[in-house]
Amino acid sequence: MVALGGDHSITHPLVQAHREALGGFSLLHVDAHADLYPEWQGSVYSHASPFYRLLQEGFPLVQVGIRAMDQDSLRLARKKGVALFPAHRVHREGLPLEEILSALGKRVYISLDFDALDPSLMPSVGTPLPGGLSYRQVVDLLEAVFREKEVVGMDFVELSPNGQFHAEMTAAQLVYHAIGLKGLQAGWLSREADPI
Ligand SMILES: [Mn+2]
């Protein structure tokens, strides 16, 4: 299933529903923020907390593109064995695809916050942060995951349209591309039909 947010609070119930229907999987979280706060502004179900809850529920977690994380979140991530691929590492070394793939299980749920992308190309988010990923880096990551793993579901969240037409088109194109990758994986589409 593909879900479109809305803020990141939708991910926790979506992941729970996927596990109920499909069994276990690991989580690939692509975001500028770790979203590991136990609560935010009085809510344990806030947009800043989904991965805190999911870690408590035992999901293996891989985070890519992170560039905002407090000390408590970092301690929690280390304690729980989160595989962390911060944006600065991606910029210095390139996308460590092999390492990311080996940190994920065979079955993967993808949750992508559009603010993982650099705000120069994705300004239409509530909490833009400089130093983000390029469109091509995100597409390369998705393509590698779809090539090597079974993707059981995905959500795309935090788009906040503000009149920046190019950003909204970028978001639509990324979702469209991901759905196409799922189509290839499932055999609904063939590479020959769309060589790009
Ligand atoms: Mn975010």
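Just so you know, ligand 1 is whichever comes first in the structure, and atom 1 is the first atom listed for that ligand. Keep in mind the model is a prediction, meaning the values are calculated, not measured.
One finds the CG atom of Leu61 at 13.0 Å from the OH atom of Tyr109 (value rounded to the nearest 0.5 Å).
Put simply, the side chain of Arg107 gets close to the backbone of Leu22: a donor and an acceptor are under 3.5 Å apart.
Side chain to side chain, Tyr37 and Asp72 fail the donor-acceptor criterion of an N or O pair below 3.5 Å. Side-chain contact of His12 with Ser49: a donor-acceptor pair under 3.5 Å is absent, judged by distance alone.
When distances from the Mn ion (ligand 1) to the N, O or S atoms of Asp115 are compared, OD2 comes out shortest. Taking the Mn ion (ligand 1) as reference, His33 places its N/O/S atom ND1 nearest.
To the nearest 10 degrees, the angle centred on the Mn ion (ligand 1) between OD1 in Asp31 and OD2 in Asp113 reads 90°.
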